[in-house]
Amino acid sequence: MTETDAGEPPAATTPSLNPTQQRTLDALRRTGEPIVFDQALVTDIRNEVRAALDHFATRLDDGQELFVTKHRIGSVLDCEAHFLAPDEFEWTPATAKGQVAHRAIQLHLGWRGEPSPVELVNEAMSRLADEDRGIGMWIAELGEADLADIRGLSSERVTKFVESFPPLDPRANPVTEAAAQWPVSGPILLRARVDMMIGKPAGAESRKVIIDLKTGRVSPRHRQDLGFYALVETLVRSVPPRKVATFYLDAAEAQADDVSERLLRTAVRRTLDGIDAMVALAAQEREPIKRPGSSCRWCPLAESCTEGQAHLASFDRT
Ligand code: SF4
């Protein structure tokens with residue numbers, strides 16, 4: 001998939017696209033006139049977030065730092081008690097499959113010829129194991145059965161991607177795991193790592209499409225996560241993306257939204273609400289608020305949480 005100077009993806013006329021790839025292309029391609037956001041809007045958003053971060057920073061102790069990610073915003077707005085609970089994350093084949101698959105897709109973008117998904121996953125795992133950090137250290141220690149498990153799970157994901165996406169033209173600057181941070185330094189930093197970004201910058205025209213790859217069910221949280229990505233991209237590059245999309249691999253379907261002033265302003269409000277709560281908890285200004293909801297199902301505090309137990313019981317009765 002690529003875009004010409006006019007912003008039209010020529011892959012639409014490529015005869016070898018299967019129906020799913022064509023549907024993906026139709027969901028992500030530009031429709032209508034080129035989009036150029038008013039620079040006054042971008043400046044206003046940057047100024048608003050900058051002023052809010054400066055104010056929040058005055059409530060933190062000297063040396064206290066806050067990293068703001070889509071996951072942390074969603075978590076603190078869901079239930080503050082859960083947000084503060086010890087992180088029980090551990091690598092397993094199921095939790096590792098996403099990162100391995102993303103690395104394999106990254107290799108796929110630059111690979112000449114037509115490598116099989118298993119070939120890509122094998123190479124991705126071997127490269128990750130060579131990296132002396134994070135998931136790589138964990139993979140390097142695994143036995144054959146766990147390696148086979150990850151290979152199978154990740155290959156399934158890569159296969160679905162390859163079958164669902166049109167070939168991505170390098171001229172459209174497709175990147176996976178694209179990292180962004182704003183501002184460059186300070187006690188509060190917004191950080192995003194986007195599954196996939198496509199689109200070549202062209203002045204102030206919005207051309208980029210941000211894509212989050214998901215398995216499983218549609219959730220309202222997915223759209224909110226994309227709003228955060230669009231906001232960080234706007235803060236970093238001063239050009240909002242053109243479109244944001246969640247691609248559901250199991251259903252082979254993209255749910256895409258055009259980026260608008262409303263989407264960006266909503267993302268600003270939600271992000272600042274989340275940071276406000278994080279700061280209040282970090283500075284111990286108040287007790288964490290419990291908000292029973294879907295996160296009770298995987299909350300490590302659930303057994304001893306009265307509100308969570310009541311919610312889970314009502315959930316079981318429905
Ligand atoms: S069980 Fe539910 S309400 Fe209780 S702390 Fe966990 S997420 Fe919050």
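The structure presented is a predicted model; accordingly, all values stated were derived computationally and were not measured. In each ligand, atom 1 is the first atom listed, and ligand 1 is the first ligand listed.
- In terms of protein heavy atoms, atom 6 (Fe) of ligand 1 is closest to Cys299 SG, 2.4 Å.
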task = For salt bridge (charged side-chain N to carboxylate O under 4.0 Å, His left out), just list the numbers for Lys97 and Asp149, CA-CA rounded to whole Å, side-chain angles, deciding distance to a tenth of an Å, and then say yes or no.
result = CA-CA 9 Å; Lys97 68 180 178 187; Asp149 205 3; over 6 Å; no

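- Put simply, CZ on Arg191 and CZ on Phe67 are 4.5 Å apart, with the number rounded to the nearest 0.5 Å.
- Those atoms of ligand 1 that come under 4.0 Å of a heavy atom in Ala302, given as number and element, are 1 (S).
- The nearest heavy-atom contact from the protein to atom 8 (Fe) of ligand 1 is Cys79 SG, 2.3 Å.
- With salt bridges taken as basic N to acidic carboxylate O contacts below 4.0 Å, one links Glu131 and Arg103.
- Atom numbering of ligand 1 starts at 1 in the shown order; those under 4.0 Å from a heavy atom of Pro292 are 3 (S).
- For atom 5 (S) of ligand 1, the candidate residues are Ala81, Gly293, Ala310; the nearest heavy-atom contact is made by Ala81.
- Ranking protein heavy atoms by distance to atom 4 (Fe) of ligand 1, first place goes to Cys305 SG, 2.3 Å.
- Taking backbone and side-chain atoms together, Cys296 has no N/O/S atom less than 2.8 Å away from atom 6 (Fe) of ligand 1.
- Ionic pairing of Glu233 and Arg242 is not present here: no N-O contact between side-chain nitrogen and carboxylate oxygen is shorter than 4.0 angstrom.
- Residue Ser295 has at least one heavy-atom neighbour below 4.0 Å for each of these atoms of ligand 1: 7 (S).
- For Phe247 and Phe161, the distance between ring centers is not under 6.0 angstrom.
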ask   = Given Asp26 and Gln22, is the side chain to side chain donor-acceptor pair (under 3.5 Å) satisfied, shown in steps?
value = CA-CA 6 Å; Asp26 291 343; Gln22 184 64 57; 3.1 Å; yes

